[in-house]
Amino acid sequence: MLVAKSVEKSFQTSNGPLPVLRGVDLSLKSGETLALTGESGSGKSTFLHLAAGLDTIDAGTITISGTDVGTLSDAGRAELRRSRLGLVFQQFNLIPSLSVADNLAFQARLAGRLDPAWQVEITERLGLADLGARWPEQLSGGQQQRVAVGRTLAARPDLILADEPTGNLDEATGDQVLDLMLSLVAQSGAALLMVTHSDRLAARLDRRVHLRLGQLA
Amino acid sequence: MTALVFRTLLSHWRRRPFQIVTLLLGLTVATALWSAVQAVNAEARASYAAAASRLGGDQLDSFTVQGANSFDQSAYIALRRAGWEVSPMVEGRIRRADTTLRIIGFDPLTAPPQMGTGATLDADELGGFFGPGGVAFAEPDLIARLDGVDLPELRAVDGTPPRTLLMDIGAAQRLLDLDGQLTRLVSVPTATGPDPSDVTGLAFTRTPPEQGNDINALTDSFHLNLTAFGVLSFVVGLFIVYSAIGLAFEQRKPMLRTLRACGVPLARLLWVMLAELAALALIAGLAGVALGYFVAAALLPDVAATLDGLYGANVDGTLAFRPGWWAAGLAISMLGALIAAADTLWRTVHLPLLAPAQPNAWLGAQRRAMRWQIMAASLFIALAILGAALANSLIAGFALIAALMLGAALALPTLLSFALRVGAARARGPVSQWVWADGRLQLSRLSLALMALLVALSANIGVGTMVSSFRETFTGWLDQRLASEIYLTARDEAQADAILTYVAPRTTAQLPIFSTDLRWQGQQVELFGVADHATYRDNWPLIAQGPAPWDQLRARTGVLVNEQLALREGISPGDRLSLPTPSGLWALEVAAIYSDYGNPRGQLMVNVAGLTERFPDVDRLRYALRLPPGQAPDLIADLTERFDLGPQQIIDQQAIKSLSLSIFERTFTVTAALNVLTLGVAALALFTAMLTLQLMRLPAVAPLWAMGLTRAQLARIEMGRTVLLALLTGVLAIPVGLALAWVLMTIINVQAFGWRLPIFLYPLDWLRLVLLALVAAALAAALPALRLARTPPGALLRVFADER
C-alpha cells in the first residue's frame, strides 16, 4: 500500500537548510496499522504530510498503491487524496459552516463514494446519530474528533493517515476515539499510518516504528 | 464535486449572514453611487446629442451675421434668388410658467431633409402649422407642464429637446418679437453660391456643423468633477467590500485548507470562488443599479438646473431607462468585486496547505504590511508633490488628487500606530496599558475602515473649503461687478431711446452695455462694449493690469480680458490681440485681466463707442442705470407700468445678485450631496468593520473579564477606543483636506473653469466635521459595544474551553 524509500526533506531557515528527514525507508501493507512514534521535531508529522502530498519531497520516493507521489502535479496529488487517502488531524479540521451530518458525508461525497448504509453505520458506531443537526462548535473535543474520524472512514479510503488524532483529547476520551477508529479501520479494510508520541497508544497498533532525528531507529 | 465545493463555500455565509449583508451592502452602495453619477452624465450627454442632432445641427452649416444677433429676412430672399439653397431659422428664449423655453422657428418647405423635424404633417396639419395660431412641437412632459399657458397649439413629439418648442418661423418671430427678422440660415455642407456678403451687403459667417460642439466642451469639466466624485464614492464603498471579503477569507482559511486536504484541486477551488464572487457581484450589481437609478433621479433636477444656469445647456430633468447603463452598472459591480477580492484570491493561491504554528504571526504580518504601506505612501506623496509642481491639465490634477488621497490613506495606519505607541509609553496602570496596546492589535483590522473615513473627511474638508472660499470670493466679487442699481433691456432701440429720455432727470448715469458674439481663436467669445465711467474705474474686479487700463479703454486702444480666456490663451496685460470685425481686423492691446466667476465663456471688454463703430449692427438695447439706491424700486415700478416692461427687461441689482447666488449654490448642490453620501458610506464602512470585528474580539477581552473587569467596563473601553481612533483620523484629515483644497482651487478649478481663487480657512467647519466623525464612530461602535456588554458569561467562558 505505502512504500517509502530514502525519503529526505529539509526546511529553509535563516541559518541555512535544516534537515528533518534523512533517508527514511518504510512500508505498510493493506489492512495493516502502523504507529510512527518519535520525539517532538523528529520529523514524524513531516513524513505524514509528504505521504499525503501536502508537501513535496526533496529526495527519495513515496509510492501509494504503486503511484509515486513525488511525480504527481498539485492536481494529481489532490486527486490522490480525494480518491485513496483519508486524513485525520490533531485539530479536527471540521468545516465550521457545515452541520455535523454534512461534515460526516463531506469527504465521501467529494470522492463520489457516498454509501448511505455505511454512513449510517459509522454515525451510529461513533455515537453521533443524535448530533447530526448540530454545528461543530457545539460539540466537545472528543465528539469533534469522532466526526473527523467518521468523515474520513465514510469515504472508504485505502490508506488513512492520522496525525496525533487524540493529541487534543484527555486520556479516556482519546482511548475511546482510538478504539472506535481501530475497530472501524479493521471493518473497512483500510491501512492506517498513525503519528503519535504516546508509546501506550502505539502499542495498540499492529506495528510501530520509531523516528529519531529524521531517521528510523 | 464542483457543486459540493460551491455549496460548502456558500455555507460560510449561511452561518454568518451579517457578513454577507455587509459585503452585498458595500458593493451595492459602491455600484449605486457610481451608477448614479454615470446615469446623470449619460442623461446630460444624451440631451446634448439630441439637441445637436435635432434640426440637423450636427449635419448642417449655419450662416450668421457677424456682430448682429439677428438680420432682416430680405437677406434670405436675396440669397435664395442668387441660387443659395439656404433655409431660414429664428431662435430665442422666452419665459413661461416659470420655465425658460427655447423657441426654434423653421420653414418646413425649404428645410433640408437632414433637419428631420421629428413629425410628419398631413395637408390639414400643414395648414394648421402655417396658420395664424400655428402648431408647436414639444416633448410630452413639457406639454403637460405648459397646460393653460398662452402659446401656439402644442403637439407632442418624442425626442424633441427638453424645454424646447419647434414651430413655424412666422409663429416664432411673433413669439420672440422678431417680426421680419432671422437669427441664422442653414444649408447642407455642399451648398454653394456667390459670396453671401456680396449678395446681401451683410458680413455673413458660415459655420460647419456643431463646430467644436461647444456645450460638450463647456460641460466636460462639470461632468469630470461628477465622475471624480463617483469614483471617490465607489472607492470608499470598495473599502467595505475589501474588508468583508478579507474577513471572510480569514475565517474561511481553515475550511479552504480542509477542502484542499480532502482533495479539492486548487484550480477548481479558485474557479468556484470566482463563481461565488460573480454571483454575489451580480446580486449587488442589480440592487446597486436599481438604487443608483433612484439616486440619479433625485440628483438630476439639480444637475439640470446647474447646467442650464451655468452653461445654458438644456437637460431633461427626468431619467430615461437605458439598458447600456444597467449593463455598465453590472460590469462595474463585477469589476469592483474582483478588485476587492484580488488580494484574497492571490492569498488563496499561495495559501500553504499546512497551517504555520505561529501564534504571533499576525504581529510580523502587520509589521511587514505597514512597511509596505509606508513605502507606497511615501511614493504616492512624492508623486503628489511632484504633480503639484507640474500638473497642467485636468486629468493631471485628478491624478494628483488620487496620489494625495492614496498616500495619506496608506500612511494612516503607521501614523495611528505611532500615536498609540506614544500613548502606551505614557500609560499608567495595567488597564490603560492594555487599552493602548490592544488598540495597536485592533488597528490592522480597523485600518481599512479608518482609511475610508480619512478619505471621506478629507474630501469633505477639501471640497467644503473650496465651496466656502468660492462663496466668500463670489459674494465680494458680485458687489464689485454689479455696481449699478438697475439693469435694463429694451424691446427695441426706439423703446430704449424713449426710456433713457424719460429716466434722464432721475438717474446720475446711463451706461450702455452692448455686446456681440465673436468667433476668435477657434472659440465663441462675448465682446462687450462699456462706457468710460467711475462705476467701472472704481469697482471692476481687475486681477492684473497695465499702467492705465481705463485710459486705454477710453482711447479705444485697449481691451480687457476675462480670467478664463486669459488663462486659456496665455494672455497677459501688454499683449496685442486682433479681433475680426465686419470692417476688418481690430488691433488692441490687453489693458487688464478681470475675474469673471460663473461664466464658462471667454469675454472681452472694449469701449462702447469703439464697439458700435466696428460693429454698426450691434443691438443697442441694454443699459445700466445709476441713481441713488433708495430710489430704484420706485423707478422700476414706474418704468414697468409706463413702458409695459416684462420682469426680464428691468432688473434691480439685488435681483441679479440673488439669481447669481442661487445659480452658484445650485452648482455645488450635487457636489455637496455626493460629499454627504461619501461620508455616509465611510460611516457605514466603520460600522460594518466594528460589527465584524466584535465577533473576533471575545478572545481578546475574555481574559480581562476573567481578571475582574466588568462587561460594561469592557464595552465602554471598546467604544472609547473607536472614538479615539476616529478622533486621531479626523485630526489627520485636516491637513490632508487642506492640501486637497489647495489642489482643487489652484489646479482643478483653474483647469476646469479658468477661475483662480484665494483660499480662506474655516476652523469651525473642521471642528464640526470632526465632531460629526466622532458621533459617527460612536454610533458605529455602540451596537458592538452593547452586544459585548450583553455577552453571556458562557460565551466568554468558552474562549477558555475551546482549544484555539
Side-chain angles (χ1 to χ4, degrees), chain A residues 11 40 45-46 48-50 52-56 72-99 102-103 105-112 114 135-141 144-145 148 151-152 155 157 161 163 167-169, chain B residues 1-17 19-20 248-272 276 348-357 359 364 695 698-699 794-795 797-804:
Chain A
F11 290 113
S40 294
S45 288
T46 302
L48 197 88
H49 295 152
L50 294 177
L54 296 172
D55 207 347
T56 50
L72 295 175
S73 64
D74 183 68
R77 293 199 298 274
E79 207 277 334
L80 178 76
R81 286 196 296 275
R82 199 163 63 238
S83 59
R84 291 172 180 272
L85 302 183
L87 277 65
V88 182
F89 296 97
Q90 184 179 349
Q91 299 291 344
F92 322 139
N93 284 18
L94 300 181
I95 296 174
S97 51
L98 295 183
S99 67
D102 286 340
N103 264 289
F106 186 79
Q107 174 96 52
R109 292 167 72 184
L110 198 64
L114 182 66
W135 301 106
E137 79 266 15
Q138 294 171 324
L139 304 183
S140 68
Q144 287 194 49
Q145 192 58 300
R151 180 179 69 185
T152 302
L161 300 169
D163 190 1
N168 263 340
L169 307 175
Chain B
M1 178 169 65
T2 302
L4 178 64
V5 174
F6 192 62
R7 276 203 305 275
T8 306
L9 284 176
L10 288 183
S11 68
H12 171 81
W13 306 114
R14 209 168 51 233
R15 294 294 321 274
R16 291 181 170 79
Q19 217 170 71
I20 196 167
F249 174 74
E250 284 302 320
Q251 291 179 341
R252 290 208 293 199
K253 222 190 269 180
M255 179 208 279
L256 298 177
R257 283 205 178 97
T258 304
L259 286 173
R260 296 289 316 280
C262 287
V264 177
L266 177 63
R268 184 78 62 99
L269 189 59
L270 284 175
W271 277 116
V272 175
E276 179 196 37
T348 304
V349 171
H350 294 92
L351 179 72
L353 274 177
L354 304 166
L695 303 172
L698 286 189
L797 280 171
R798 193 179 300 161
V799 170
F800 307 110
D802 285 351
E803 287 88 359
R804 282 172 192 270

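So that the names make sense, note that chain A is the first sequence line, chain B the second, and so on, each numbered from 1.
Residues A:L85 and A:A52 approach most closely at CD1-CA, 3.8 Å, considering heavy atoms. Residues B:L9 and B:W13 approach most closely at O-CD1, 4.0 Å, considering heavy atoms.
Side-chain contact between B:L4 and B:V264 is absent, with no heavy atoms from C-beta onward closer than 4.5 Å. Looking at heavy atoms from C-beta onward, A:D163 lies out of side-chain contact with A:V88 at the 4.5 angstrom threshold. Taking the side chain as every heavy atom from C-beta outward, B:L259 and A:F106 approach each other to under 4.5 Å.
Proximity to chain A involves both the backbone and the side chain of B:T8, based on heavy atoms less than 4.5 angstrom apart. In this structure, chain B has a heavy atom under 4.5 Å from the side chain of A:I95, while its backbone stays farther away. Contacts of B:A261 with chain A are made by both backbone and side-chain atoms, with heavy-atom separations under 4.5 Å. Within the 4.5 angstrom heavy-atom criterion, no atom of A:R77 approaches chain B.
For the options A:D74, A:L80, A:L110, A:T152, heavy-atom pairs under 4.5 Å to chain B are most numerous at A:L110. When B:P265, B:P254, B:C262 are compared by the number of non-hydrogen pairs under 4.5 Å with chain A, B:C262 comes out ahead. Comparing A:Q107, A:R109, A:R82 by how many heavy-atom pairs each has under 4.5 Å with chain B, the most go to A:R82. Across B:R7, B:R14, B:R260, the residue that shares the most heavy-atom pairs under 4.5 angstrom with chain A is B:R260.
Electrostatic pairing of B:R268 and A:E79 does not count as a salt bridge here, judged by no charged N lying under 4.0 Å from a carboxylate O.
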